[in-house]
Amino acid sequence: MYGDLWAWVVEEPARAALTAVMVGIPAAGALAQQRQKERASTGRGRTEPQRAEDNMLVRFLAGRDLKPGDPSSSASWWHAGEEVVRDRTAADLAAGATDAFAKRQRTERTVLRTIVAGAGQWSCWPGVARASVRLVVPAAAVAAWSGWWGVAAAGTGVLSAAGVAAAVTGPAVLRWWRPRPAGADLVHGPGMWAALRPALGVEEAQRREQWLVLSDDVSVPGARVVLRLPAGWPGGEAGKRTITAAVTDRLPGEWSETWHRAGAAPFAEWIRKAPPRKVPALPESVEYKFIRDPYRVYVGQSVQGYDLEDVVIHTKSATPHFGVGGLTGSGKSTVLYLGVVHARENGVLVDILDTKQNSMAEAEGKSGVRVHKTPAECVAALGEYLMSMMAAETAIGKTGDPALRRLLVPRLMVADELPTMMKMALIWWKYQIKGRGIPPFAEWFSIGLLQGRSADHRFGVGAQQWANAYFGGTMERAQIGWKAQLGYCDSPSWAVAFGASTPVVSPDTTVPGRGVFADGLINPETKGLWAREFQPAYIVPEVSARLDWAPPAPDWFDAGERAPWITAETVKTAEALAIGDFLVGGRLGPSRPVQGGPVTLRRNQGVGVVPPRSGEVTGVPVTGGVTAGVTGSGGQAAQPAVELFSLAEACTAGLLPWDYATAKVYKSRSVKRNIAFPEGIPDGRVTYYTREDIEGWLERWQADSQSRA
């Protein structure tokens, strides 16, 4: 029997092949459906095929996946189909081929490679194309059996070429359109319904689509899942929890649920919540931005809600003056540079009081910038600045001279390390010019803070601590409307800077220059002063180039002369404020004026040249130390700097072995015991003493105490 069969196969190979195909397809279908029954009997599948399209022969002729179950693609001639990811070899291969094809599309653009790559995506071929390829063999067998060898060869070639061409050059492969991802109804729907149907008490014959509806994409905020509820469903809290768990446990993200059971058609719906927004991190380095507005100074970035915002000082509002506090090396001078460069780029004239000699060296020698380094020069500059401010107020008034009004130019005075400058000026007052009583220049500074905004004369201040003694009082210090504290800040310094009731904000001190600022705004949550962390822009490498390209200053300013709008009436008023003797050429003032630098590059206003940049930077450098001495009036070398202490500072520094309260009591007792207490150097509010004064009084006090013992 087998010999005859084999002989027939040898004699009629075409007929034998056709017979094998015709017999093999139904046999394979029967075996596949038998496998389905076996899977159902073990609880791993359905009890019987529920759809006619699940038949093996139908799958073969339709070009669908031959494996039983849901199709891996709904592709057709004009539809790219759905890519369904399952734990099946065919689906894994299809997904892998798709990924590989996408990578090759990005790197290899030749048509031949595109066709070869597309041909490997068998599960994503259009259904008719796959059916054509499958029918090539039976069609060729029938033609050969009938003796039409030429027709068989031609038909086979045409049919194969048409099928392959349609599959690999169609819209899906050449990216005219792509296979769309399977919707949530196909991916999550079957498993979700299998858990929901028993909980709802719905019969197995009911179609899922009539009860459960899912959005195509459940990964986006606002996606909905709607479940119709049977009229007789008992519900209850336990039932709701079961239903909700069956839905939300199978879906990604957080979902809100709503139950509608009062209407004629009860239903429940779940809506995906938007994921919580991430608070952005402050950058460790911020570039400077030029703002063409003399009253808006860009200083860095901070976090506002869920976004980064620019930190801008509005000097025409309630924050006319700005200040920066922090320990040595925290970056105060760097932030003050921002104000200097912004002012010069907008045509504002700048005076810098720098008794540290080198803290703002990048701005020295530039047109429109005068750097005053000695106590005499700083006091003279402060006096001239106050006269300029008073004269500007008069010029812009109703009775002011229009000719003088046209000469007015906004001005900025920057006092880097204000406490150091004030103390050195007090030493100069006490020991150099032998002044007695309270010096006037501390009051000049207070007047400037109170009246400078309306006359376009503003202050930028750097200070390690915001004590009232350096500003003239609480009222004057409050004029520093925009205030920053860089680096670490202890509790007393925080309370002095922002107020004891303002919640402490601790910046990331590992980042150079990082600090906290307040601009007078009220925190909507705490209803108090709003202190926020910020990262100042780093501009030091750009300072010199930007100042070179700034508009040139008037000749009178670079020559060190007084402002031309200062009239004789202003000079007379200045005499009443004890300013005249401290000006350049005055009895106590320096003999030579401080001049601005030469004009190096004059900007062509029509071209709009951008100043050169120095490249990226990542940190803030540490400022240099203080020089050992200062220069007195007339440019002559003065005595070495004398260290001054208030009574409280002497206790803190360990010069006195008591706390401040005890030292005040002993000071009062010294008067009663006729123990000489040093006169000190008053500034109108606080009296300062030298180290020798403190140590001498301590020796006299201890000697008197021993004699009384």
Side-chain angles (χ1 to χ4, degrees), residues 279-291 297-304 307-313 322-343 352 354 356-364 414-420 460-466 480 482-491 493-494 496-498 504-519 531-547 611-626:
V279 177
L282 272 176
E284 295 187 0
S285 179
V286 176
E287 291 188 359
Y288 169 72
K289 297 180 182 178
F290 169 58
I291 302 178
V297 186
Y298 176 83
V299 291
Q301 286 189 330
S302 67
V303 176
Q304 173 66 16
D307 301 303
L308 291 175
E309 71 167 358
D310 290 343
V311 179
V312 178
I313 305 173
F322 61 92
V324 186
L327 302 177
T328 300
S330 60
K332 297 188 297 297
S333 299
T334 300
V335 178
L336 292 175
Y337 269 133
L338 298 173
V340 172
V341 172
H342 173 269
I352 298 176
D354 183 16
K356 288 178 60 177
Q357 306 284 318
N358 62 351
S359 63
M360 304 195 75
E362 295 294 331
E364 190 173 354
V414 175
D416 192 11
E417 292 291 355
L418 177 65
T420 301
V461 176
Q464 292 199 10
Q465 226 263 5
W466 298 96
I480 308 293
W482 189 92
K483 191 181 302 178
Q485 191 75 21
L486 305 182
Y488 171 75
C489 182
D490 54 31
S491 297
S493 298
W494 178 272
V496 172
F498 303 111
V504 177
V505 178
S506 299
D508 184 0
T509 55
T510 62
V511 180
R514 185 65 57 86
V516 177
F517 80 99
D519 52 4
R532 288 161 282 174
E533 185 178 7
F534 84 114
Q535 179 65 36
Y538 184 56
I539 196 178
V540 175
E542 304 176 36
V543 169
S544 180
R546 286 186 174 273
L547 292 180
R613 301 185 61 84
S614 59
E616 282 197 18
V617 291
T618 57
V620 179
V622 178
T623 57
V626 182

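The residues of the chain are indexed from 1 along the displayed sequence.
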What's the shortest heavy-atom distance between Thr334 and Ala537, and which atoms? CG2-O, 4.0 Å
Could you tell me whether the side chain of Leu338 reaches within less than 4.5 Å of the side chain of Tyr298, counting heavy atoms only? no
Partner residues of Asp307 under the salt bridge (charged side-chain N to carboxylate O under 4.0 Å, His left out) criterion, sequence neighbours left out: Arg277
For Val504, enumerate each residue passing the side chain to side chain contact (heavy atoms under 4.5 Å, CB included) test, keeping only those at least two apart in sequence or located in another chain. Trp494, Ser506
For Glu417, which residues count as a salt bridge (charged side-chain N to carboxylate O under 4.0 Å, His left out) partner, sequence neighbours excluded? Lys332, Lys356
What residue among Leu336, Val324, Leu418 forms side chain to side chain contact (heavy atoms under 4.5 Å, CB included) with Val461? Leu418
Nearest heavy-atom contact between Phe498 and Ala484 is CZ-C, 4.5 Å
Asp310: which residues meet the salt bridge (charged side-chain N to carboxylate O under 4.0 Å, His left out) condition with it, sequence neighbours left out? Lys289
dist Ile291:CD1 -> His342:NE2 (nearest 0.5 Å) comes out at 5.5 Å
Phe290 and Arg546: which non-hydrogen atoms are nearest, and at how many Å? CB-NH1, 4.4 Å
Heavy-atom side-chain contact between Val303 and Leu308 under 4.5 Å: yes
Partner set under side chain to side chain contact (heavy atoms under 4.5 Å, CB included) for Ala363, not counting sequence neighbours: Tyr337, Val340, Ile352, Val369, Leu547
Partner residues of Arg532 under the salt bridge (charged side-chain N to carboxylate O under 4.0 Å, His left out) criterion, sequence neighbours left out: Glu309, Asp519
Any side-chain heavy-atom pair from Phe322 and Val299 closer than 4.5 angstrom? no
Option from Asn358, Val540, Val414, Asp416 for which side chain to side chain contact (heavy atoms under 4.5 Å, CB included) with Ser333 holds: Asp416
Does the side chain of Phe534 come within less than 4.5 Å of Leu486's, by heavy atoms? yes
Closest non-hydrogen atom pair between Ala531 and Ala518, with its separation: CA-CB, 4.4 Å
Is there side-chain contact between Ile313 and Phe517, with heavy atoms separated by less than 4.5 Å? no
Are the side chains of Gln535 and Glu284 in contact, using a 4.5 Å heavy-atom criterion? no
